[in-house]
Every structure is written in C-alpha cells, then in structure tokens.
Asks: 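One structure, as structure tokens, below. Some questions next.
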Amino acid sequence: MSRRIVKWSPPYRGENVERPDFDLVEIERDGPIGRIILNSPEKRNPLGYERLLQIEMAAKEMELDDEIRVIIIKGQGPSFSAGYDITPTPEGEPKRNTPENGYHHPDRDTAWQAYDHEHLRVYTSLFDLQKPVIAQIHGHCLAGGSELAAFCDLRIVADDAKIGWPVGRNWSPGNLQITPWLMGMTRAKYYMFTSEAISGKQAAEWAWATESVPADQLEARTEEIARKIALTPTDLIMLTKRSINRQFEIMGFKTGMASSADHLAIALLRPSFTRGDEFVERSHKMGLKAALDWREQAFDNKMSDEARAAAGEMPEGDAKPEGGAPRYGG
C-alpha cells in the first residue's frame, strides 16, 4: 500500500495525494476533449487566488488523463471573464486575490510583486502543459481574463467579444506584458495606451486571437478545431508545442514576463497612486460597479471635451458644468 504524502502542487501520475474539490470551475471530460468551465456567470467569472489554483490543478489532472488530448477553457453566462476580482473584501471574509496572510511577507510582497508572479506561475503551467489549451472567448475578456486567454495556445473568439485592459487607466501598465508578443509593438502600444477594448474581429485581425467567428458559431468552431488537433498523438503534439514555445523563450519571452511583474511593482509605488487612488476610494465607499461606472464616464467625458476643443467648440481646459461627472484622477 502506497504511503499518502502531503503535496500542495499538482500530482504526478499515480501519486496518492489528496485531490481538491472543484467548486470554482466545472470539469468536463468528453472523449479526447477536456473542458474547464469558469462557473460564476453572475459576476462575469472573475479570477481570484483560489479559482486560478483550481484552473491550474484541473489542467494538470487532465494532462495525466490519457484519453484527453486537448483542453478548452471557457466561461458560463454572458462572458469569458471580466478579470481579477477587485470587489472590496468585507472585514472578516477571506481575501479574494491573495492568501489570507500574504505570500511571503507583507513588507516584501509588493516590491517583489508576489501577486503577479503567482499569476505568472499559473499561466506558465498552461504555456508549458504537454497538451494544447484553447480559450473559447465570448462576451467580456478583460484585464486578468485577457491574460488567462493570452497564455493559452489558441484563442477562438466571438466577433462581438470585447477584449481589453481597462485597468491601464488607473492601476497597471500591464501586469504581464504578453500583448506585444501577440500583436506586435505598434498595435500593442495603441491597445495599452488607450485602454480601449477591441472586438473579437479586430483581435483576430491584430493576431491577438487565432480566429474570430459569429457568436452563434463559437462553440461549434472551437470544438471542431479541438477535435482536429486531437487527431495527433499527445507525444507528438507536446513536442510540437514545446518546439514553438522554445523559439519565443530563446527570444526572451519568459524573461520579459518576469520583467513586466517588476514594472507592476513600480507602478504601485508611483506617486500618483500612493497619494491616494480615487477609483480605489470610490470602490470602497460606493461599491465596485459605481467606481467602474465613474471611471468609464470620466474618461468618456474627458475625451469628449478634448474632441470638442480640437473642433473649436469650447476652449481647451474648460470645466464641466457643476454637477457633471468628475474628471478622471480628480
């Protein structure tokens, strides 16, 4: 009888370890296709510390399953994922994005950016997995959701999906700067500088996505591609995947990902953030939805003012009428 060991990382074949109860993702096994389904549609499938661990564990378990040759990650409800769960945590509830007592040490975690390196560790497990991983994307695919999708091998998207990095407007220069590797420097700069969402169709044109299809064809097309890939034996496809990945590693891909975590640490220590971020303050006082609405309205109003000024309709810098939406950043 084998001895049961305590192991917190995903198991290897035949190890007698305690398996987790998957409650933040649903697992489907359908012949050669495995599916990991984000199952919080009422919140647009937000990502957090526990859900990311469950995604990683599910993928690693499917890697051990000889029947499964391709893995699809998708979301229930109206969206793939709206990003990391930044809803303020009420006192007494478990933290949503970090372990209860932090990662290493509260004085070091921010400078080390342990939060971002944990995301990178999970996403790299998908990047390095022996089996191909496909993101099936519909609705919103924002911020952390776009990172999860970007580290999958293929991204099949609905034409009307919305892919974006809205946190570039007040928080992050790009937690993990994978975007330039997918769409090139010029388009990546436009995408990250404006923080405007792009459609699934545009994402395919810019090479962020593998393919874009009408929303009502998304599932059928994703399954079709997955089953076509599944015709190739795993011991061959794993070498094909590794050989392609290695080309990007030689060019510095993994070093670049680690470097982007360093820049996030600096971004959270910059003066305009440490003086007090109005978005964060509003989310605590008024709720996340109200803060998100304020941020988008503030940017839209500011852009409208500048467009009107450029057209000569109003002097540049004129204040909004009293009672109007506040400008971003106060």
Side-chain angles (χ1 to χ4, degrees), residues 43-49 79-90 95-98 109-120 140-150 162-180 183 187-198 208 257 259-307 316-317 319-320 324-330:
K43 292 186 176 181
R44 298 185 188 272
N45 301 315
L47 301 177
Y49 178 63
S79 292
F80 174 75
S81 173
Y84 301 121
D85 191 344
I86 57 174
T87 308
T89 304
K95 295 179 181 178
R96 296 185 173 94
N97 272 307
T98 63
D109 281 352
T110 300
W112 184 259
Q113 201 39 239
Y115 166 81
D116 215 26
H117 279 287
E118 172 67 4
H119 297 166
L120 180 59
H140 289 88
C141 179
L142 303 176
S146 70
E147 289 186 330
L148 169 62
K162 294 187 181 300
I163 294 97
W165 191 259
V167 288
R169 292 179 166 177
N170 69 302
W171 271 353
S172 168
N175 293 24
L176 299 170
Q177 276 289 7
I178 193 170
T179 308
M183 63 173 67
R187 283 171 170 164
K189 284 184 176 179
Y190 180 87
Y191 172 80
M192 298 300 294
F193 287 0
T194 65
S195 296
E196 291 176 351
I198 58 176
W208 184 92
M257 294 304 98
S259 175
S260 56
D262 296 340
H263 284 88
L264 177 60
I266 296 170
L268 297 180
L269 296 171
R270 72 188 191 279
S272 63
F273 188 81
T274 56
R275 279 196 297 265
D277 182 79
E278 187 167 354
F279 175 81
V280 175
E281 292 173 1
R282 284 175 177 267
S283 66
H284 281 282
K285 292 177 181 177
M286 303 165 58
L288 179 60
K289 185 180 185 305
L292 290 170
D293 289 344
W294 166 79
R295 183 177 68 187
E296 299 313 304
Q297 187 179 7
F299 261 78
D300 289 344
N301 286 348
K302 178 65 174 174
M303 289 175 67
S304 297
D305 285 356
E306 290 174 351
E316 197 167 356
K320 295 289 290 180
R327 295 178 182 273
Y328 173 74

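Worth knowing before you read on, the calculation uses all heavy atoms, side chains too, and leaves out hydrogens, waters and symmetry mates.
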Asks: On a heavy-atom basis, which atom in Trp208 and which in Ser146 lie closest, and how many Å separate them?
Replies: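 Smallest heavy-atom distance, with atoms named: CZ2-O, 3.7 Å.
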
Asks: Sequence neighbours left out, what passes ring-ring contact (aromatic ring centres under 6.0 Å, His included) with His119? Give chain and number order.
Replies: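 Testing His119 for ring-ring contact (aromatic ring centres under 6.0 Å, His included), a comparison that skips the adjacent residues, returns Tyr84, Tyr115.
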
Asks: Can you sort out the partners of Tyr191 under side chain to side chain donor-acceptor pair (under 3.5 Å), two or more places apart, ordered by chain and number?
Replies: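 None.
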
Asks: Looking at residues at least two apart in the chain, or sitting in another chain, which of them share a side chain to side chain donor-acceptor pair (under 3.5 Å) with Glu118?
Replies: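 Testing Glu118 for side chain to side chain donor-acceptor pair (under 3.5 Å), a comparison that skips the adjacent residues, returns Arg121.
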
Asks: Considering residues at least two apart in sequence or located in another chain, which fulfil the side-chain contact (heavy atoms from CB on, under 4.5 Å) criterion with Ala82?
Replies: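 Testing Ala82 for side-chain contact (heavy atoms from CB on, under 4.5 Å), a comparison that skips the adjacent residues, returns Arg44.
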
Asks: Using 0.5 Å steps for rounding, measure from the CG atom of Leu264 to the OG1 atom of Thr110.
Replies: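 So the CG of Leu264 and the OG1 of Thr110 are separated by 9.5 Å.
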
Asks: Measuring from atom NZ of Lys162 to atom CG of Leu142, what distance do you get when rounded to the nearest 0.5 angstrom?
Replies: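 Reported value, rounded in 0.5 Å steps: 9.5 Å.
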
Asks: Just wondering, do Met192 and Trp165 contact through their side chains at under 4.5 Å, heavy atoms?
Replies: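 Counting from C-beta outward, Trp165 and Met192 do come under 4.5 Å.
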
Asks: Who are the side chain to side chain donor-acceptor pair (under 3.5 Å) partners of Ser260, not counting sequence neighbours?
Replies: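 If we apply the side chain to side chain donor-acceptor pair (under 3.5 Å) test to Ser260, skipping adjacent residues, there are no hits.
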
Asks: Taking all atoms of both residues into account, what is the closest heavy-atom pair of Ala188 and Thr179, and its distance?
Replies: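 Of all heavy-atom pairs spanning Ala188 and Thr179, the closest is CB-CG2, 3.9 Å.
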
Asks: What residues form a side-chain contact (heavy atoms from CB on, under 4.5 Å) with Arg187, not counting sequence neighbours?
Replies: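 By the side-chain contact (heavy atoms from CB on, under 4.5 Å) rule, Arg187 matches Met183, Trp206.
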
Asks: His263 versus Gln177: any side-chain heavy-atom pair under 4.5 Å?
Replies: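 Of all side-chain heavy-atom pairs linking Gln177 with His263, none is under 4.5 Å.
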
Asks: For Ser79, is there any backbone N or O sitting under 3.5 Å from a side-chain donor or acceptor partner on Asn45?
Replies: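 The answer is yes, because a donor-acceptor pair under 3.5 Å joins these two groups.
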
Asks: So which heavy atom on Ser81 is nearest to which on Pro46, and how close?
Replies: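 Taking Ser81 first and Pro46 second, the nearest heavy atoms are OG-CA, 4.4 Å.
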
Asks: Do you know which two heavy atoms are closest between Ala267 and Trp171, and how far apart they sit?
Replies: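 The answer is CB-O, 4.0 Å.
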
Asks: Once side-chain contact (heavy atoms from CB on, under 4.5 Å) is applied, do any residues pair with Ala265, and if so which ones, sequence neighbours excluded?
Replies: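 So Ala265 forms a side-chain contact (heavy atoms from CB on, under 4.5 Å) with Gln113.
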
Asks: If you compare all heavy atoms of Cys141 against all heavy atoms of Ala149, which two are closest, and at what distance to 0.1 Å?
Replies: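 Looking at all heavy atoms of both residues, the closest pair is SG-CB, 4.1 Å.
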
Asks: Taking all atoms of both residues into account, what is the closest heavy-atom pair of Asp116 and Leu176, and its distance?
Replies: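 The pair with the smallest heavy-atom distance is OD2-CD2, 3.7 Å.
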
